[in-house]
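Data block below; observations after.
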2 protein chains.
Amino acid sequence: MIDHSNRGSGSVTRERILEIAEQLFHERGYGATGVATVLRAAGVRSGSLYHFFRGKEALLLGVLARHLALLRIRVFEPVERATDDPLERVFALLQLYMRNLESSGFTLGCLVGNLALEVADTIPTARVPIDRYFDTWSGEVQRWLEAAGGRLPADADRPALARTVLAVMEGGVMQARAHRELRPFAAAVGQLRSYLESLEARARRERTESGQSPSGEGRRPDPTRRGINGSAWRTW
Amino acid sequence: MIDHSNRGSGSVTRERILEIAEQLFHERGYGATGVATVLRAAGVRSGSLYHFFRGKEALLLGVLARHLALLRIRVFEPVERATDDPLERVFALLQLYMRNLESSGFTLGCLVGNLALEVADTIPTARVPIDRYFDTWSGEVQRWLEAAGGRLPADADRPALARTVLAVMEGGVMQARAHRELRPFAAAVGQLRSYLESLEARARRERTESGQSPSGEGRRPDPTRRGINGSAWRTW
DNA sequence: TCTTTAGTTGATCAATCATTCAACATTTTC
DNA sequence: GAAAATGTTGAATGATTGATCAACTAAAGA
């Protein structure tokens, strides 16, 4: 038996298969995309695909790995180029998804979100990279929120906030696709903005009350809460 | 050709097929559920199913119609029994989804959310009932928010807030299923609570400033904003 | 140059897919 | 109680599914 783990990682054929499969999985979903469709679109015969991937599930894992590897280049870097303001980056990120929705006629939202709901239970091995993708995505948002330092209250739960941003994105994408309109998505983003502004306002208030100078990079806040028994637990 | 529209609406067989199909679509998804699986689980032969439904897509539409019809009994009524406080009902609603996730081993989240991402593009006729389901869901939340009256600021956008609650639910369910933990969901719900509390605090402040008495049922707030050209537009 | 490894071909497979329909059974209508 | 409408049976259909593999070619290493 052939060892398929890492077969021809650099091969152009392998890359083309992954590229096409990613596109088709995003447009039609994993189950609805036949291997034959991938083969036809990639201009490749079945033997080649099964030379690089043990089967369709392995192809899915390859697509997910590639998708995660490209997350920074495709998403974070454009957003970070768009604005230096760490809090505005949150909204530039959400706007990126809104633009992609609109320019694709509300078909292309979040591939990983689609797969999370479609295969998380039926293909257990796929759940892990999906989970890791969400971790990375919200982790970057969390870093932006932490970079905002004292602009947010010290006790504001940044990890939980980052998970909320992800929820608003996925829930917004879902509603926008169902509605074929950005409006419900934009409404949720507007409320998120209003929430962050209220947090900034509170931070300003507390800062002037205690007579502190506005520090650009605030000290790292404590991201934990105390449980009733005194133990620390993470809220996300 | 037989007219399938409304074939034997009350038939016990038809009802059993819908019940089983709903369950299987929720557990495995629409595409991954074969008609043969539905037939076996329902203890029915193919002819019966095709007597009531033109095909698999029509079965899906039947499931969606039934699911919408049961939304009040299954979701809203239990929540409204749980608490009279209109704002607490929002969180009782979210808690209902959390409980269902946990008791099903993180497999059963929101059927309509799953279907929205799986078939919204590929089965255009299904998009309409999915859309209507989201409308009804967020519409009820909106009604609760409006029932909170003056406890929320007059300018708080209740329809947009309701859409945000829906986004938090769907995004939270998605993350919880990917993580196989409630934590990310609970984190987002916690932030939503914090947001609503900040809105309540502001409403209290503005109420005392203008010297008004706290009214249980506030006058209906203006759910519109003024655009740059003076026209009103809905934000959701 | 010879050998080995990597990559490609495409016919072929069994399994599953959604769907059909003539025959039969039951219930309703008049 | 005859006729009509409604519901049920289950074998059969053709299309599509993911996957296999022996034969072949191209590239890499000695």
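Small disclaimer: the values here were computed from a predicted structure and weren't measured. In the text below, chain A, chain B and the rest are named by the order of the sequence lines, each starting its count at 1.
The side-chain contact (heavy atoms from CB on, under 4.5 Å) test with A:Trp144 is passed by exactly one of A:Leu93, A:Asp85, A:Leu87, A:Leu161: A:Leu93.
Atom-to-atom, CD1 of B:Ile17 to C1' of C:dT19 comes out at 14 Å; the value is rounded to the nearest Å. Summarising the geometry, the separation between NE2 on B:His51 and P on C:dT20 is reported as 15 Å, rounded to the nearest angstrom. Distance, B:Tyr50 OH to C:dC17 P: 11 Å, rounded to whole Å. Atom pair B:Tyr30:OH and C:dC17:P shows a separation of 13 Å (rounding to whole Å applied).
Of the possible polar contacts, one joining the A:Arg127 side chain to the B:Ala178 backbone as a donor-acceptor pair under 3.5 Å is found. Judged by distance alone, the side chain of A:Arg158 and the main-chain N or O of A:Ala156 form a donor-acceptor pair under 3.5 Å. Counting only distance, with no hydrogens or angles, the side chain of B:Glu118 and the backbone of B:Gly31 share a donor-acceptor pair below 3.5 Å. Looking at B:Lys56, its side chain never comes within 3.5 Å of a backbone N or O of B:Gly34 through a donor-acceptor pair. Proximity of a side-chain donor or acceptor of B:Arg89 to a complementary backbone N or O of B:Glu80 within less than 3.5 Å is detected.
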key: Step-by-step side-chain hydrogen bond (donor to acceptor under 3.5 Å, both in side chains) determination, B:Gln142 to B:Glu146   = CA-CA 6 Å; B:Gln142 181 184 332; B:Glu146 284 163 356; 3.1 Å; yes

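Less than 4.0 Å separates DNA chain D from at least one heavy atom of each of the following residues of residues 35-48 of chain B: B:Arg45, B:Ser46, B:Gly47, B:Ser48.
In the 5' to 3' direction, nucleotides of DNA chain D lying under 4.0 Å from heavy atoms of chain A begin and end at D:dG18 to D:dC21.
At a cut-off of 3.5 Å, with distance as the only test, a side-chain donor of A:Ser194 or B:Tyr195 sits close to an acceptor on the other residue.
Nearest-nucleotide positions on DNA chain C for A:Arg14 and B:Gly31 put A:Arg14 closer to the 5' end. Nearest-nucleotide assignment on DNA chain D puts the 5′-proximal partner with B:Thr13, out of A:Glu57 and B:Thr13.
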